[in-house]
Number of protein chains: 2
Amino acid sequence: MSNANAKVLPLLEPVGQDTAPCCPPLTERPFSAEEADTAARMFKALGDPVRLRLFSLVASHEGGEACVCDISDVGVSQPTVSHHLKKLKEAGLLTSERRGTWVYYRVEPSVLAAMGRLLTLRPAA
Amino acid sequence: MSNANAKVLPLLEPVGQDTAPCCPPLTERPFSAEEADTAARMFKALGDPVRLRLFSLVASHEGGEACVCDISDVGVSQPTVSHHLKKLKEAGLLTSERRGTWVYYRVEPSVLAAMGRLLTLRPAA
DNA sequence: ACGCTACATCGACAGTTATCGAAACAAGGC
DNA sequence: GCCTTGTTTCGATAACTGTCGATGTAGCGT
């Protein structure tokens with residue numbers, strides 16, 4: 001198995017605090033096919049109600065992280081929760097770490113900021 | 001037919017400039033099932049590369065609007081373009097208006113702002 | 001070693017979605 | 001009226017996605 005995370009977003013690594021993590025604001029110029037593909041993957045990850053709730057649960061949890069046991073009460077089975085968390089992880093929105101029996105998930109702030117920047121309106125134009 | 005837009009987001013109408021259009025920031029508190037359902041619909045609409053490109057083309061076009069003929073060059077057939085535009089419209093992200101032979105699409109700024117707000121990080125906490 | 005708990009993966013199924021070609025519809029010019 | 005151009009709708013199909021139960025794996029406690 002060796003969870004070598006083979007599907008993390010390629011543009012995640014070089015993300016700093018002021019570097020453009022993936023794309024310019026949607027309103028700035030037409031997206032290329034590549035940019036659209038990258039950005040759509042992130043939006044799609046949040047395009048499911050269960051995933052959105054899980055993400056919100058992690059993001060709003062004390063300390064910015066939560067173990068699966070804390071957030072499993074969203075009305076679907078445990079395997080389904082695990083499936084969705086994996087999707088969020090593959091989209092680069094969450095990271096996970098095992099500590100003893102439990103696995104803790106936390107949000108990736110830079111990606112969240114990147115998506116927010118995508119949706120900014122034209123300053124004044 | 002009578003295009004009585006029967007599927008516009010219910011929370012679109014009462015949106016002002018400072019009222020919460022749908023949900024608090026994702027990081028503020030766990031989303032309810034209802035909130036998640038509403039917000040996920042918007043994210044899902046942008047979760048497709050073709051739709052994202054179309055949306056970006058409209059949003060970045062001169063005057064904030066574009067006719068279908070201006071944005072049909074995204075690599076899919078014309079019916080498919082129309083299909084995606086319809087989806088974006090149903091999600092409340094675009095509005096359309098027919099002027100003579102052409103149909104013009106423009107972005108709904110309030111919804112864009114709402115999604116941006118959803119993704120804001122905790123101010124300082 | 002054994003069982004128990006927390007979490008992940010597998011395999012299958014149902015529902016949804018993206019895509020196309022063909023056809024219908026709308027507006028304008030002849 | 002009829003034809004041309006632009007756009008939407010229709011019907012069909014292939015691919016994807018969410019969901020589950022069963023099973024597998026990792027760590028803790030006895």
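Excluded from the calculations below are hydrogen atoms, water molecules and symmetry mates; all remaining heavy atoms, backbone and side chain alike, are included. Lettering follows sequence order; numbering is per chain, from 1.
Remark: A:Thr101 pairs with no residue by the side chain to side chain contact (heavy atoms under 4.5 Å, CB included) rule, at least two apart or across chains.
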Apply side chain to side chain contact (heavy atoms under 4.5 Å, CB included) to A:Glu65 and A:Tyr105, showing your working. CA-CA 5 Å; A:Glu65 69 174 12; A:Tyr105 283 81; over 6 Å; no
Please test A:Glu35 against A:Arg29 for salt bridge (charged side-chain N to carboxylate O under 4.0 Å, His left out), starting from the C-alpha separation and ending with a verdict. CA-CA 11 Å; A:Glu35 288 171 333; A:Arg29 59 166 173 79; 2.7 Å; yes
**OP:** Evaluate side chain to side chain donor-acceptor pair (under 3.5 Å) for B:Ser96 paired with B:Lys89, printing each intermediate quantity in order.
**Re:** CA-CA 8 Å; B:Ser96 70; B:Lys89 201 170 142 188; 2.8 Å; yes
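A:Lys86 contributes atom NZ, which lies 5.5 Å from atom CD of A:Glu90 (distance to the nearest 0.5 angstrom). For the atom pair CG (B:Asp48) and NE2 (B:His84), the distance works out to 4.5 Å, reported to the nearest 0.5 Å.
In this structure, the CD atom of A:Glu97 is 17 Å from the P atom of D:dA26, given to the nearest Å. Between the P atom of D:dT25 and the NZ atom of A:Lys86 lies a distance of 15 Å, rounded to the nearest Å. The distance between atom CD of B:Glu90 and atom C1' of D:dT9, rounded to the nearest whole Å, is 13 Å. Taking atom CG on B:Leu88 and atom C1' on C:dT17, their separation rounds to 14 Å, with Å as the unit. D:dG6 atom P lies 12 Å from atom OH of B:Tyr104, rounded to whole Å. Going from atom CG of B:Leu46 over to atom P of C:dA18 covers 12 Å, rounded to whole Å. When rounded to the nearest whole Å, the span between CG of A:Leu54 and C1' of C:dC7 equals 14 Å.
B:Thr101 has no side-chain polar atom (N or O) that falls below the 4.0 Å cut-off from OP1 or OP2 of C:dA27.
Residue order along DNA chain D, read from the 5' end via each residue's closest nucleotide, puts B:Val68 first among B:Val68 and A:Gly100. Taking for each of A:Leu85 and B:Arg99 the nucleotide of DNA chain C with the nearest heavy atom, the 5'-most of the two is the partner of A:Leu85.
Residue contacts shown for A:Tyr105 are limited to sugar-phosphate atoms, with no base heavy atom under 4.0 Å away.
Linking Ile, Leu, Val, Met, Phe, Trp and Tyr residues whenever their side-chain heavy atoms come within less than 4.5 Å places A:Val103 and A:Val74 in a single cluster.
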Given protein heavy atoms under 4.0 Å, the one-letter contact record of nucleotides 11-22 of chain D, with B base, S sugar-phosphate only and - none, is simply ------SSBBBB
Output field dot_bracket for DNA chain C (Watson-Crick or G-U, both distances under 3.5 Å, | for other-strand pairs) contains ||||||||||||||||||||||||||||||
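The two residues A:Arg53 and B:Ala33 make their nearest non-hydrogen contact at NH1-CB, 3.6 Å.
The cationic atom of B:Arg99 (NZ for Lys, CZ for Arg) lies less than 6.0 Å from the six-membered ring centre of B:Tyr104 and within 45° of the ring axis.
Minimum atom distance to the side chain of A:Arg98 is reached by C:dA6, of the listed C:dA6, C:dT9, D:dT9.
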